[in-house]
Amino acid sequence: MGSSQRMRLAWFVNYLVPGWNIPWSGNAGAEWMNGDFYVDMARRLDAAGFDAMMLEDGNYLSDAYGGTFEAELKHTVRGPKNDPLPLLPVLAAATERLGFIATMSSSFYQPFLLARLVTTLDHLTGGRVGWNVVTSSSPLAAQQFGMDALPDHDERYLIAEEFVDVVKKLWRSWDRDAVVMDRATGTYVDHEKVRPIHHHGTYFDVRGPLNALPPLQDLPPIFQAGGSPTGREFAARSADVIVSSAKGIDDMREYRAEVRRRAELNGRNPDDIKILFMISPFLEESDELARRRREERLAITDERAERRLLMMSDEIDFSQFPLDQPFPTDLSTNGSQSLLKQFAQWAGDRPLREAAAGDEFEAFPAFGTPETVADEMEHAFREVGGDGYLIFAGGGGMLTRRYVDQVCEGLVPELRRRGLVWDAPPAGLGLNERLAYDQPAPDQRAAASA
Ligand SMILES: Cc1cc2nc3c(=O)[nH]c(=O)nc-3n(C[C@H](O)[C@H](O)[C@H](O)COP(=O)(O)O)c2cc1C
C-alpha cells in the first residue's frame, strides 16, 4: 500500500578519503580534497538518472578507542573530512538535474544561519537542495562548540523539531510574490510581503524575517534517519524522506509500517514520506566473482572490527572488550541508541571481532551480476514497499570511480530495463518535485502510448 511505482535512487557519500589503497583507486588518496573525484562522481550519477547525492557530515575525530587517534586516523574512519557544504554548489554546477542533500546538525547550527544557507544553496543550484537533519550524538562533537556534552538523546530531538519549525517559518517569512521589480515605482520588494516571525520557543528565539530570498522550492525537502523510537517519531512528524538503517526484509517492513503509522497519528499522509533503504552492492561479471570480492572486502580482521566499534559510541572505550569475547549486553549510551541496540542484536553471542567486522550498514547483502542485484532490489521493493534505495560504498574505503561505474553503467541500466527507474526525468524539476514524481509503471506507459 502506498508504494512508489518507481525506485528513487540516492547515493550517500562522505567528503573524506575515498578508496586510496585498493585496486582502481588511482591517485584518489592525494587528490580527493580538490573535489574532482566527487565532481566526476556527481556527473556520473546525474547521467545515470540518480535522484540525489546525499552528503554526510560530522565534525570531530575520536580518541575514545584506546585513548588515541591511531585507529581513527590510520583507517580514515571519520577523517580527514572536509566540510561538504562548499562542495555542494561545485557539484551542482557540474550537473543538470541531480539533487544534493546537505547534512547539518540541529545541535550546532542556528536556525537562522541554516535557513539562510539553505535558501542560498537552493538558488545557486536551481532548486536542487535538501537538508539532512541530524542531532549529532557525541560529546566530542559538543566539545568543538564550547559544550561539555550534548543534551539528552530525547531532548535533542525536541530541539530538532523546534529547529525545523523555525527554519520553515523563516523560509515562509517572505511571500512568494514579494519581489515585484516594479520599474515604474522603483520598487524591488513589496515590504508588506515580508514579515518578522517573532518566534519565542523553548529553545530558540528568532525575530526574522529572513534577509535573503525564500527558497526556490518553497520548502526544500527534509531528510532524516532517526532509528530510535524518538528518532522515528521525529522523522514521522518532520521528514519528507527517511533514510533507514533497517536490516533484513522483516526489519524493513516493520520500520516502514511503524513510520507510516506514526505519520498517520500525526495527521500526515504516510505517502508524503518517502523511505530509502541503504545498500552497498558488490557488482562483478559473475555472481561467484562478486561473492568472492565481497568476502575479501568483508574479511574478519581486527581493522574492520576496530572501524565498526569506533563508529558505535564515543562514550565507551570499546578497546577494553576483548575481540574474542561476546559483546557486553549491559551497555547504554546517550549517543546513538539505535546503533548500539541494533549492533547488540546483530552480535548475539558471537565473538566481538566477528560481529563487528561482519557488520555493514545495509538493508540486505547485495552482490552478484547487475541482474542478480537488480533481482534482490526489485524483490525487496515489491515485498516491503518503500520508495527506493540509498547506495553507499560501505565503510572502509571501497569507493572508487570503478565502483561508481559498476553501479551507474551496470546496475542502473538493468533497473531501467525493468521500468523501475526513470527513462528520462523531466527537466527543471526541483528536488522536492522530483522526489514526489512517480513515473507510470511500464504497463501503464504502454497503454498510454497505444
Ligand atoms: C543513512 C544514514 C545517514 C546518516 N547520516 C548522518 C550524518 O551525515 N551525520 C550524522 O551526524 N549522523 C548521521 N546519521 C545518524 C542519524 O542521524 C541518527 O543519529 C542515527 O540514525 C541514530 O538514530 P537515533 O539517534 O534515533 O538512535 C545517519 C544515519 C543513517 C542511517
Side-chain angles (χ1 to χ4, degrees), residues 8-16 52-62 77-79 81-85 87-88 100-109 130-142 144-145 150-161 163-164 222-239 241-247 251-252 255 258-259 262 274-280 311-315 332-345 359-363 386 388-395:
R8 277 89 184 140
L9 291 179
W11 194 307
F12 188 55
V13 68
N14 320 79
Y15 187 12
L16 50 65
M53 190 163 171
M54 181 165 173
L55 305 171
E56 178 270 356
D57 201 18
N59 48 29
Y60 66 94
L61 299 171
S62 174
V77 178
R78 270 172 298 215
K81 178 183 294 179
N82 285 355
D83 190 323
L85 281 185
L87 180 66
L88 194 152
F100 297 94
I101 296 110
T103 299
M104 284 172 275
S105 171
S106 54
S107 294
F108 306 127
Y109 274 83
W131 167 31
N132 177 30
V133 187
V134 298
T135 58
S136 302
S137 53
S138 174
L140 298 175
Q144 310 282 42
F145 298 91
L150 289 168
D152 280 352
H153 177 270
D154 288 2
E155 186 171 25
R156 293 201 298 270
Y157 278 115
L158 295 177
I159 298 171
E161 197 162 325
F163 193 122
V164 171
I222 307 278
F223 282 61
Q224 226 288 311
S228 61
T230 341
R232 291 177 188 205
E233 179 66 16
F234 170 62
R237 287 156 80 103
S238 303
V241 182
I242 301 180
V243 288
S244 158
S245 60
K247 263 187 177 359
D251 206 13
M252 292 160 77
Y255 186 93
E258 198 203 331
V259 164
R262 286 179 187 269
K274 308 285 177 225
I275 303 182
L276 305 181
F277 294 104
M278 195 183 234
I279 55 167
S280 300
M311 300 293 286
M312 199 109 63
S313 166
D314 301 306
E315 293 157 77
S332 70
T333 174
N334 185 35
S336 178
Q337 293 179 356
S338 56
L339 288 187
L340 198 65
K341 190 168 152 225
Q342 211 174 40
F343 181 76
Q345 271 168 7
D359 188 32
E360 279 291 289
F361 297 106
E362 61 189 0
Y389 293 95
L390 183 66
I391 307 287
F392 179 48

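Note that ligands are numbered from 1 as they come in the structure, with each ligand's atoms numbered from 1 the same way.
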J.: Enumerate the atoms of ligand 1 whose separation from the nearest heavy atom of Met278 is less than 4.0 angstrom.
T.: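 So the answer, numbered in order with elements, is 1 (C).
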J.: Find the distance between NE2 (His153) and OG (Ser228) and round it off to the nearest 0.5 Å.
T.: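 Reported to 0.5 Å precision, the distance equals 3.5 Å.
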J.: What atoms of ligand 1 come within less than 4.0 Å of a heavy atom belonging to Leu390?
T.: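 Those qualifying, in numeric order: 1 (C).
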J.: Can you name the ring pair (Phe, Tyr, Trp, His ring centres under 6.0 Å) partners of Phe223, sequence neighbours left out?
T.: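 With neighbours one apart ignored, the set is empty.
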J.: Check ligand 1 against Ser245 and write out every atom of the ligand that is under 4.0 Å from a heavy-atom position of the residue.
T.: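 Answer, ordered by atom number: 31 (C).
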J.: Check each heavy atom of Asn132 against ligand 1 and say whether those closer than 4.0 Å belong to the side chain, the backbone, both or neither.
T.: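 Under 4.0 Å from ligand 1, Asn132 contributes side-chain atoms alone.
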J.: To the nearest 0.5 Å, what is the distance between CZ on Arg262 and CZ on Arg237?
T.: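 Atom-to-atom, Arg262:CZ and Arg237:CZ are 10.0 Å apart.
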J.: Are any of the N or O atoms of Thr135 closer than 3.5 Å to those of ligand 1?
T.: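 Min N/O separation from ligand 1 is not below 3.5 Å for Thr135.
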J.: Please indicate whether any nitrogen or oxygen in Gly226 is less than 3.5 Å from any nitrogen or oxygen in ligand 1.
T.: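 No, there is no polar N/O contact under 3.5 Å.
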J.: Run the numbers for me: atoms of ligand 1, each under 4.0 Å from some heavy atom of Gly231, listed by number.
T.: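 Within the 4.0 Å cut-off of Gly231, ligand 1 contributes 26 (O).
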J.: Under 4.0 Å from ligand 1, counting heavy atoms only, is it the side chain of Thr103, its backbone, both or neither?
T.: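 For Thr103, the contact with ligand 1 is made by the side chain alone.
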J.: If you take the centroid of each ring, where Trp contributes its six-membered ring, are Trp131 and Tyr109 closer together than 6.0 Å?
T.: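 When the ring centroids of Tyr109 and Trp131 are compared, they turn out to be at least 6.0 Å apart.
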J.: Atom CE of Met53 and atom CG of Leu9: how far apart are they, to the nearest 0.5 Å?
T.: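 Result: 14.0 Å between the selected atoms.
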J.: Quick check on ring-ring contact (aromatic ring centres under 6.0 Å, His included): which of Phe277, Trp11, Phe12 does Phe392 satisfy it with?
T.: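 Of Phe277, Trp11, Phe12, ring-ring contact (aromatic ring centres under 6.0 Å, His included) with Phe392 is met by Phe12 alone.
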J.: Is ligand 1 under 4.0 Å from a heavy atom in the side chain of Phe361, in the backbone, in both, or in neither?
T.: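 For Phe361, no heavy atom sits under 4.0 Å from ligand 1.
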J.: Is any N or O atom of Ala225, backbone or side chain, closer than 3.5 Å to an N or O atom of ligand 1?
T.: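 Yes, Ala225 has an N/O under 3.5 Å of an N/O on ligand 1.
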J.: Does any N or O of ligand 1 fall below 3.5 Å from an N or O anywhere on Ser244, backbone included?
T.: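 No, since none of the N or O atoms of Ser244 sits under 3.5 Å from an N or O of ligand 1.
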J.: Could you tell me which residues satisfy salt bridge (charged side-chain N to carboxylate O under 4.0 Å, His left out) with Asp57, sequence neighbours excluded, listed by chain and number?
T.: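 Residues passing salt bridge (charged side-chain N to carboxylate O under 4.0 Å, His left out) with Asp57: none at all.
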J.: Under 3.5 Å, N or O to N or O, is Tyr157 touching ligand 1 that way?
T.: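 Yes - when backbone and side-chain N and O of Tyr157 are compared with those of ligand 1, one distance drops under 3.5 Å.
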J.: Show me which atoms of ligand 1 lie under 4.0 Å from any heavy atom of His153.
T.: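 Heavy-atom distances to His153 below 4.0 Å select 24 (P), 25 (O), 26 (O), 27 (O).
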J.: Do we see a donor-acceptor contact under 3.5 Å between the side chains of Ser136 and Ser105?
T.: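 Judged by distance alone, the side chains do pair up.
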J.: State whether the shortest distance between N or O atoms of Gln224 and N or O atoms of ligand 1 falls below 3.5 angstrom.
T.: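 The answer is no, given that Gln224 and ligand 1 share no N or O pair closer than 3.5 Å.
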J.: Could you grab the distance from atom CZ of Phe361 to atom CD of Gln342, nearest 0.5 Å is fine?
T.: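 So the CZ of Phe361 and the CD of Gln342 are separated by 8.5 Å.
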